[in-house]
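Values in this document were obtained by computation on a predicted structure and should not be read as measured data. Each chain gets a letter, A, B and so on, in the order its sequence line appears, and its residues count up from 1.
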Amino acid sequence: MYTVKRVLMVRGILLLETTAFPFRHFSAPPCLRSPKRNSPYSSVDSERYSSLVKSVMSTRVSSQTPETLHAEDEHIYGPVIKAQTDARIKPRTPKTIHPFLNCEEAGGTEDAESGLPVQIALNRGQGRSSVPSVTRILQQTLSQEQIFYLERWKRRMILELGEEGFRQHSQNLFRQGKRFHSALEEILTSSSSEKDKTISETAEYPADVQGYMESVSHILKDVNAVRAIESTVQHETLNYLGVVDCVARYKGVLCVIDWKTSERAKPFLSNTYDNPIQVAAYAGALNNDVNYKYQVDSGLIVVAYKDGSPAHAHQLSSELMLDFWKTWLLRLEEFTEQRSIQASSASLEN
DNA sequence: GGATCCTTCTTCTTCTTC
């Protein structure tokens, strides 16, 4: 159920701000429109406001046009945010469907799984300075709805913690995430030196990471044959790069794995927002990067919790990965369009 | 050595009643 937070009556239309959507329009029910009913308006000084009421109620003569109404709506409620359902009815498709897999590369061989995991460091110097990253592209192509909820969340947090408190809180979340990644990097690198070795559960970790490690221990049991850790991937034709958390077998399936920490439970894939798109982007890049001689068509998002409660693992089948790959291509197209608009406006200024 | 980059996170319903 959605809760109505605010009700406004404008031109015979009820505007409801619900907990789910900022505003929704409904026609006023007859009981609210009918003058016969005892309404709150009955106490209004009708003589004093008669000319205003007449001008509002008159349908034959109106100074308002669709254009002025639109401008007024924009002024009061801000720009219209497209409902999600519209997108479902008319799904957008990328202009060009670039292949997710590289047909020239054969599937991974067992030989590649026996050595140490690959770890290609990010080197921005080698003509890569202008290549955009997965994170940047996703951040710059957030939907209006995502921006709305993120900004609302930030405002609420600042009200609660203050500017400085919020800054520290965010910093703390980032720090915990980084330490968790470092601990995983260490454990996965050392344990992979011996093929299919079970990952140790007895190791000691820093206090702020201990809970997260406990949280993922049941997942780590099913992770083996680690091939890459914190390694740079770059799509050779689509020209973007990123740093993949991990490439390994999970329950026997070779996947791109993304480790996440979260304060809130994320039991469903839909709770992970753009994370699946990020994973598909990394996998697509890896499949089209000469440094990796194998193909990955599946993914895994692991959400770990600080209190040690079991992490949620969301597996992305090859079908799902293809869907998210298409979404990634859309975001990439959007980013490229933004960039070319910025470039052309910059050249006009010069 | 400093600056910059990639990443690390953050969103989608909240309160009442049974």
Side-chain angles (χ1 to χ4, degrees), chain A residues 1-6 16-24 81-85 87-88 119-161 163 165-185 206 208-209 212 228-235 240-246 256-279 281-282 285-286 301-306:
Chain A
M1 277 292 287
Y2 299 133
T3 313
V4 176
K5 292 163 72 183
R6 209 156 22 134
L16 304 184
E17 185 185 18
T18 70
T19 46
F21 296 97
F23 282 107
R24 287 213 140 172
I81 296 167
K82 269 195 176 177
Q84 244 184 352
T85 44
R88 267 182 234 147
Q119 190 164 29
I120 301 170
L122 176 71
N123 191 346
R124 280 300 210 169
Q126 298 164 339
R128 280 172 158 178
S129 55
S130 65
V131 181
S133 72
V134 171
T135 306
R136 205 171 118 206
I137 294 164
L138 288 176
Q139 267 179 349
Q140 291 195 10
T141 56
L142 288 169
S143 69
Q144 288 297 309
E145 198 182 5
Q146 282 177 301
I147 294 168
F148 171 85
Y149 286 115
L150 282 167
E151 285 186 349
R152 186 181 69 164
W153 167 81
K154 192 178 167 185
R155 275 199 307 273
R156 285 175 173 176
M157 290 295 281
I158 290 173
L159 272 176
E160 196 182 316
L161 306 171
E163 288 272 2
F166 175 68
R167 199 187 58 80
Q168 281 182 5
H169 175 74
S170 304
Q171 236 178 21
N172 197 35
L173 290 180
F174 284 155
R175 194 166 44 233
Q176 280 178 8
K178 282 179 181 175
R179 287 194 182 177
F180 173 55
H181 276 77
S182 302
L184 282 167
E185 188 182 327
D208 59 347
V209 164
Y212 291 120
I229 294 272
E230 298 288 333
S231 198
T232 305
V233 290
Q234 181 166 352
H235 198 294
Y240 67 86
L241 57 75
V243 178
V244 68
D245 275 356
C246 180
V256 162
I257 306 176
D258 210 35
W259 312 103
K260 300 285 177 195
T261 58
S262 178
E263 289 191 304
R264 282 197 195 181
K266 291 180 176 172
F268 305 109
L269 182 64
S270 59
N271 300 135
T272 65
Y273 301 96
D274 287 347
N275 293 167
I277 308 172
Q278 187 188 10
V279 169
Y282 289 149
L286 186 147
I301 296 162
V302 181
V303 187
Y305 306 110
K306 197 178 185 178

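In this structure, A:Arg175 atom CZ and B:dT7 atom C1' are separated by 15 Å, rounded to whole Å. The distance from atom CD1 of A:Ile301 to atom P of B:dT8 is 11 Å, rounded to the nearest whole Å.
No engagement by A:Phe268 is indicated, since no non-hydrogen atom pair under 4.0 Å with the nucleic acid exists. A:Asn172 comes within 4.0 angstrom of nothing in the nucleic acid, heavy atoms only.
With sequence neighbours left out, the side-chain hydrogen bond (donor to acceptor under 3.5 Å, both in side chains) criterion links A:Arg136 to no other residue. Qualifying ring pair (Phe, Tyr, Trp, His ring centres under 6.0 Å) partners for A:Phe166, counting only residues two or more places apart in sequence or in other chains: A:Trp153. Judged as a ring pair (Phe, Tyr, Trp, His ring centres under 6.0 Å), and not counting sequence neighbours, the contacts of A:Phe180 are A:Tyr212.
A:Glu185 is not listed as a side-chain neighbour of A:His181, based on a closest heavy-atom distance of 4.5 Å or more. By the 4.5 Å heavy-atom criterion applied to side chains, A:Glu230 and A:Asp245 are counted as neighbours.
Sequence neighbours left out, the pairs with a member in residues 261-278 of chain A that pass salt bridge (charged side-chain N to carboxylate O under 4.0 Å, His left out) are A:Asp274-A:Arg331.
Nearest-nucleotide assignment on DNA chain B puts the 5′-proximal partner with A:Asp245, out of A:Leu269 and A:Asp245.
With P as the reference atom, B:dT14 and B:dC18 are 22 Å apart, rounded to whole Å.
Residue A:Tyr282 has a polar side-chain atom (N or O) positioned under 4.0 Å from OP1 or OP2 of B:dT7.
Here the shortest heavy-atom pairing between A:Val243 and A:Thr232 reads CG2-OG1, 4.1 Å. Between A:Gly242 and A:Val134, the closest heavy-atom pair is CA-CG2, 4.3 Å.
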Can you name the atoms? Protein N/O to nucleotides 2-4 of chain B N/O, anything below 3.5 Å, with the distance.
none

Please tabulate the protein-to-nucleotide N/O contacts below 3.5 Å involving nucleotides 9-11 of chain B, giving atom names and distances.
unit_1, atom_1, unit_2, atom_2, d
B:dC9, OP1, A:Thr261, N, 2.6
B:dC9, OP1, A:Thr261, OG1, 2.9
B:dC9, O5', A:Thr261, OG1, 3.3
B:dC9, N4, A:Gln139, NE2, 3.1
B:dT10, OP1, A:Glu263, N, 3.2
B:dT10, OP2, A:Lys266, NZ, 3.1
B:dT11, OP1, A:Arg264, NE, 3.4
B:dT11, OP1, A:Arg264, NH2, 3.3

